[in-house]
Amino acid sequence: CVSLPVMILEVILYQLAVVDTHCDDCQCIRFLARLIKNSCLCCSLTFSISIVCFSGLIVTMNNEPLVDLVEPFCWARLYSWAVWFPVMFFMPCCGFCCAWRMDRDAFLAEEAKKDSDSEGGACCC
């Protein structure tokens, strides 16, 4: 029950981490995107460190082995990594397949434009 919220938060943080690469036109929006990204990443890092410390304190106070704390975390990471690749590969509009197809189509259109410009260009007599 912990894996799904962690994966959702991870996808949100990933999208925040790459959002400034989509804003090449406006420096103001790019600056704002980087500011929001850095703020969210700092907050999530601070929250994660505090949760790890608090969980470790509870486990050691109850004389439980640390494996009981680390094992669910490791399983959540494995589930996340196993799900990440197919989701990010086949996701419509922003997955790898879709992005690759858009890049390929843009490249082919640019090549076709270059070819048509060179064939139907000005007369060089």
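Positions are given from 1 along the sequence. Just so it is clear, the model here is predicted, and its values are computed rather than measured.
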### Query
Leu45: what forms a side chain to side chain contact (heavy atoms under 4.5 Å, CB included) with it, not counting sequence neighbours?
Ile49
### Query
Going by the salt bridge (Lys or Arg N to Asp or Glu O under 4.0 Å) test, which pairs reach into residues 39-55, not counting sequence neighbours?
none
### Query
Under 3.5 Å, is there a donor-acceptor pair between the side chain of Ser44 and the main chain of Leu41?
yes
### Query
Phe54, Val52: one ILVMFWY side-chain cluster at the under-4.5 Å cut-off?
no
### Message
Just verifying a value: how many Å separate Arg101 CZ and Arg104 CZ, rounded to the nearest 0.5 Å?
### Response
7.0 Å
#### Entry: Set of residues satisfying side chain to side chain contact (heavy atoms under 4.5 Å, CB included) with respect to Glu111, sequence neighbours excluded
Phe107, Lys114
Which atom pairs, donor and acceptor, lie under 3.5 Å between side-chain atoms of residues 26-39 and protein residues at least two apart or in another chain?
| from | atom 1 | to | atom 2 | distance (Å) |
| --- | --- | --- | --- | --- |
| Arg34 | NE | Asp20 | OD2 | 2.9 |
| Asn38 | ND2 | Arg34 | O | 3.3 |
| Ser39 | OG | Leu35 | O | 2.9 |

### Summary
Taken in chain and number order and not counting sequence neighbours, the residues that satisfy side chain to side chain contact (heavy atoms under 4.5 Å, CB included) with Val83 are Met7, Val87
Going by atom type alone, with no hydrogens or angles, which donor-acceptor pairs under 3.5 Å involve a side-chain atom of residues 57-71 and a protein atom two or more places apart or on another chain?
| from | atom 1 | to | atom 2 | distance (Å) |
| --- | --- | --- | --- | --- |
| Thr60 | OG1 | Gly56 | O | 2.9 |
| Thr60 | OG1 | Leu57 | O | 3.1 |
| Asn62 | ND2 | Ile58 | O | 3.3 |

